[in-house]
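As structure tokens, the structure follows; a few thoughts come after it.
Everything numeric here is computed off the predicted structure, so don't read it as measured data.
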Amino acid sequence: QVQLVESGGGLVQAGGSLKLSCTASGRTFSSYAMAWFRQAPGKEREFVARISRTGTGTYYADSLKGRFTISRDNAKNTVYLQMDSLKPEDTAVYYCAADPNRLITTMPNKYNYWGQGTQVTVSS
């Protein structure tokens with residue numbers, strides 16, 4: 001069982017930056033690939049980025065490459081999402097998720113554990 005808690009969301013102006021954190025409970029954090037998803041009102045949950053168990057491999061949604069960076073610190077049981085050059089269309093609830101499998105997937109239903117989400121609002 002893994003419990004995930006996100007933090008770092010908030011209100012930011014367009015062009016600004018935010019760094020989200022997701023801290024996991026338990027001693028098996030390094031056994032999971034981690035990902036960030038987001039969900040805007042009235043829209044489906046959308047894949048943002050994924051990072052491998054060791055942190056050596058990262059994968060991004062094409063539309064977000066170059067603006068978002070995923071990283072992890074296994075010693076701190078934490079995964080991060082650095083978001084730069086934010087746009088109003090980035091406004092959403094951001095969720096972290098854990099996947100025990102190695103195969104890269106962007107499908108939410110393949111992820112076993114989810115955090116409660118953190119709101120990110122980008123004003124124009």
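When atom types are taken as modelled, the side chain of Thr121 and the backbone of Leu11 share no donor-acceptor pair closer than 3.5 angstrom. With Arg38 contributing its side chain and Val93 its backbone, the two residues share no donor-acceptor pair below 3.5 Å. Between the side chain of Glu6 and the main chain of Cys96, a donor-acceptor pair closer than 3.5 Å is present. Side-chain atoms of Tyr60 come within 3.5 Å of backbone N or O of Ile70 as a donor-acceptor pair. Checking side-chain atoms of Arg53 against main-chain N and O of Phe29 turns up no donor-acceptor pair under 3.5 Å. Thr105 places no side-chain N or O within donor-acceptor distance of the main-chain N or O of Lys110, the cut-off being under 3.5 Å.
In this structure, Ser52 OG and Tyr32 OH are separated by 16.0 Å, a value rounded to the nearest 0.5 Å. Note that CZ of Arg72 is 12.0 Å distant from OG1 of Thr58, once rounded to the nearest 0.5 Å. A distance of 9.5 Å separates OG in Ser124 from CD in Gln13, rounded to the nearest 0.5 Å.
Contact of the Tyr95 side chain with the Thr118 side chain is not registered, since no non-hydrogen atoms from C-beta on lie closer than 4.5 Å. In this structure, the side chains of Tyr111 and Arg50 come closer than 4.5 Å at one or more pairs of heavy atoms. Looking at Ser71 and Val79, their side chains never come closer than 4.5 Å, going by heavy atoms from C-beta outward. Side-chain contact between Val120 and Met83 is present, with heavy atoms from C-beta onward closer than 4.5 Å. The side-chain heavy atoms of Trp114 and Pro108, taken from C-beta on, include a pair separated by under 4.5 Å.
Summarising the geometry of Leu18 relative to Gly8, their closest heavy-atom pair is CD2-O, 3.8 Å, with the distance given to 0.1 Å. Listed here is the closest heavy atom pair of Leu4 and Cys22: CB-SG, 3.9 Å.
Open room surrounds CD on Gln3; 12 or fewer heavy atoms of other groups in view lie less than 6.0 Å from it. Counting non-hydrogen atoms of other residues, nucleotides and ligands closer than 6.0 Å to OH of Tyr59 gives a total of 12 or fewer.
Every side-chain contact (heavy atoms from CB on, under 4.5 Å) that Asn101 has, sequence neighbours left out, goes to Asp99.
Between the side chains of Thr78 and Thr23, at least one donor-acceptor pair of N or O atoms lies under 3.5 Å. Using modelled atom types, one finds a donor on one side chain and an acceptor on the other under 3.5 Å when comparing Asp84 with Ser17.
Under the 4.5 Å side-chain heavy-atom criterion for ILVMFWY residues, no single connected hydrophobic cluster contains both Leu81 and Phe37. Note on Leu64: it clusters hydrophobically with Trp36, by side-chain heavy-atom contacts below 4.5 Å among ILVMFWY residues. Both Phe68 and Val12 belong to a single network of hydrophobic side chains, linked directly or stepwise wherever heavy atoms of I, L, V, M, F, W or Y lie under 4.5 Å apart. By the criterion of side-chain heavy atoms lying less than 4.5 angstrom apart, applied directly or through intervening Ile, Leu, Val, Met, Phe, Trp or Tyr residues, Ile51 is not grouped with Phe47; the two fall into different hydrophobic clusters.
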Run the numbers on Tyr80 and Leu20 for side-chain contact (heavy atoms from CB on, under 4.5 Å), then give the verdict.
CA-CA 5 Å; Tyr80 305 97; Leu20 307 182; over 6 Å; no

Quick one: do Tyr113 and Gln1 satisfy side-chain contact (heavy atoms from CB on, under 4.5 Å)? Show the steps, please.
CA-CA 8 Å; Tyr113 302 104; Gln1 188 80 7; 3.9 Å; yes

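A side chain to side chain donor-acceptor pair (under 3.5 Å) with Gln39 is found for one member of Glu44, Glu46, Arg45 and no other, namely Arg45.
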